[in-house]
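Some notes on the structure that comes next.
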Amino acid sequence: MKLKYKLLDKLHNVSNSEMDLLVWAVQHSDETSGTMYGAYYKDYCDEYDRCKQSFYNALYGLADKGIVTFRRNQNDAGTTSDYDITVNDNAYPWKGSSEATYRNEGYVDLASPVFRSGEFKSLKAKEKYLALEFRKRSFETGKGYKHGVRAFYEAWDKTLGVTDRTVRGYIHSLSKVCGFFSVGIKDGFYRITSRICFKKPAKGQEGHRYDQDMYNEQAVRMDLNRNNIKYDKTGFDDTVFLMYQYASAFAQKHADVKTYLSAAIHNSISGHKWRDRSLSAPTIHYHLKAILDGLKDVPETQSAKQNSKSKKNRFNSFSQRDNDYGELESLLLNSTI
DNA sequence: GACCGGTCTAATCGCTTGGT
DNA sequence: ACCAAGCGATTAGACCGGTC
């Protein structure tokens with residue numbers, strides 16, 4: 001959910017579909033690697049109401065500009081395909097450590113409701129870019145972004161390759177139309193401050209999500225896509241919820257709930273034809289519980305120790321690329337009913 | 001034969017600008 | 001404030017080679 005300040009320089013001339021893809025990738029990415037795993041073109045097209053060509057244009061365009069690198073993932077039959085998209089130089093590999101260089105690198109937090117809003121999505125590409133810059137600048141100085149009026153126009157005209165008039169139009173939509181920033185001119189200076197809409201909902205409030213939640217959802221979405229399982233929002237939410245419901249139960253057995261939820265999803269469509277698969281959260285629940293019951297208990301003392309140590313990072317430690325169904329299935333055979 | 005991911009291409013859209 | 005030229009961005013949909 002973090003976009004490093006130092007990457008903003010590259011974004012002044014991206015197209016709108018490229019900007020959307022970048023924001024989308026960051027919002028669903030694993031912060032320790034700066035990578036969104038299992039990015040599926042249809043999800044992007046649904047999210048931003050774009051045609052599929054735009055996904056490819058955006059992906060290749062961002063790669064050509066050196067902003068992302070990507071890898072295509074296909075199953076053996078070539079019937080499903082998705083991409084891992086790494087935003088270059090956007091990783092926080094030692095997050096939580098005392099390494100000051102990584103810990104202190106500034107970023108725009110794309111978890112803010114502003115960056116998911118319809119207002120933001122409907123902005124022009126360069127307005128989106130300015131929103132990121134203004135967010136950075138107003139945040140960095142604390143008291144708002146201050147810039148002499150003439151210098152302000154010269155700087156942004158040059159960066160964006162447009163005239164004063166057009167920059168004024170951008171400012172207008174960011175302030176008056178969207179209400180993202182308060183913008184005023186006083187004593188020959190522009191002064192721009194972020195408005196309250198950037199504030200994330202607190203825990204317990206409507207719309208609250210931890211940064212990790214989008215990443216967890218993406219893991220489920222990837223498994224559903226790869227198994228060609230059709231789903232609606234309710235079923236999806238119910239399935240994601242299983243991950244939280246069973247996290248500690250799996251942790252007590254030294255197991256990663258994500259890995260086994262993935263297996264349970266896979267098991268849930270056993271016997272269903274490729275084209276006749278729709279999500280059944282209760283069926284997945286059943287399989288997940290069966291897997292849990294089949295796992296060996298670990299000795300009490302060890303369990304308590306391991307659990308307290310790993311609880312906090314449980315969701316961070318998931319490696320999504322390690323899914324080997326052959327291996328998982330043999331595990332299941334050995335451990336379940 | 002239906003459907004999928006991905007590509008190709010022509011048509012259209014949208015943005016910016018200079019002129020009014 | 002509005003208009004229209006210029007041109008890059010985006011779209012729709014035909015198409016290709018593959019699987020179900």
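Each chain gets a letter, A, B and so on, in the order the sequences are listed, and its residues count up from 1. Only heavy atoms go into these numbers, but all of them, side chains included; no hydrogens, no water, no symmetry mates. What you are looking at is a predicted structure, and each value in this text was computed from that prediction instead of being measured.
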May I ask you to say what [X] touches in the nucleic acid, namely base, sugar-phosphate or nothing, with a heavy-atom cut-off under 4.0 Å?
| X | value |
| --- | --- |
| A:R277 | nothing |
| A:S17 | sugar-phosphate |
| A:K126 | nothing |
| A:F55 | nothing |
| A:Y60 | sugar-phosphate |

For the side chain of [X] and the backbone of [Y], is there at least one donor-acceptor N/O pair under 3.5 Å apart?
| X | Y | value |
| --- | --- | --- |
| A:H208 | A:P201 | yes |
| A:S262 | A:K258 | no |
| A:D20 | A:W24 | no |
| A:D237 | A:T234 | no |

### N/O (side chain, A:S15) to phosphate O (OP1/OP2, C:dA9) under 4.0 Å
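No.
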Give each protein N/O atom lying under 3.5 Å from an N/O atom of nucleotides 10-15 of chain B, with the pair distance.
none

What's the [atom1]-[atom2] distance between [X] and [N], to the nearest Å?
| X | N | atom1 | atom2 | answer |
| --- | --- | --- | --- | --- |
| A:K128 | C:dA9 | NZ | P | 15 Å |
| A:D276 | B:dA2 | CG | P | 18 Å |
| A:Y56 | C:dT10 | OH | P | 17 Å |
| A:R168 | C:dA1 | CZ | P | 12 Å |

### Query
Between A:D164 and A:N228, which is nearer to the 5' end of DNA chain B once each is assigned its nearest nucleotide?
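Its nearest nucleotide being more 5', the pick is A:N228.
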### Message
What's the separation between atom CD1 in A:I171 and atom OH in A:Y153, rounded to the nearest 0.5 Å?
### Response
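These two atoms lie 6.5 Å from each other.
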### Query
Partners of A:K200 by salt bridge (Lys or Arg N to Asp or Glu O under 4.0 Å), sequence neighbours excluded?
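Per chain and number, A:K200 pairs via salt bridge (Lys or Arg N to Asp or Glu O under 4.0 Å) with A:D109, A:D211.
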### Query
Under 6.0 Å from the CG atom of A:D232, do we count more than 12 heavy atoms belonging to anything else shown?
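Enclosed: over 12 neighbouring heavy atoms sit under 6.0 Å from CG of A:D232.
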### Task
Could you tell me whether A:R191 atom CZ has more than 12 heavy atoms of other residues or ligands within 6.0 Å of it?
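Open.
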Measure all distances between protein nitrogen or oxygen atoms and nitrogen or oxygen atoms of nucleotides 2-8 of chain C, and list the pairs falling under 3.5 Å.
none

### Task
Just grab all the side chain to side chain donor-acceptor pair (under 3.5 Å) pairs involving residues 110-122 of chain A, residues at least two apart or on different chains.
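Sorted pair list: A:E47-A:K121.
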### Query
Side chains of A:K2 and A:N90: is there a donor and an acceptor less than 3.5 Å apart?
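No, no side-chain donor-acceptor pair sits under 3.5 Å.
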### Query
Just by protein heavy atoms under 4.0 Å, how would nucleotides 12-20 of chain C read 5' to 3' in B, S and -?
B------BB
### Query
Do any pairs count as a ring-ring contact (aromatic ring centres under 6.0 Å, His included) and have a residue in residues 70-89 of chain A, sequence neighbours left out, and if so which ones?
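Listed once each, the pairs are A:F55-A:Y83, A:Y60-A:F70, A:F70-A:Y83.
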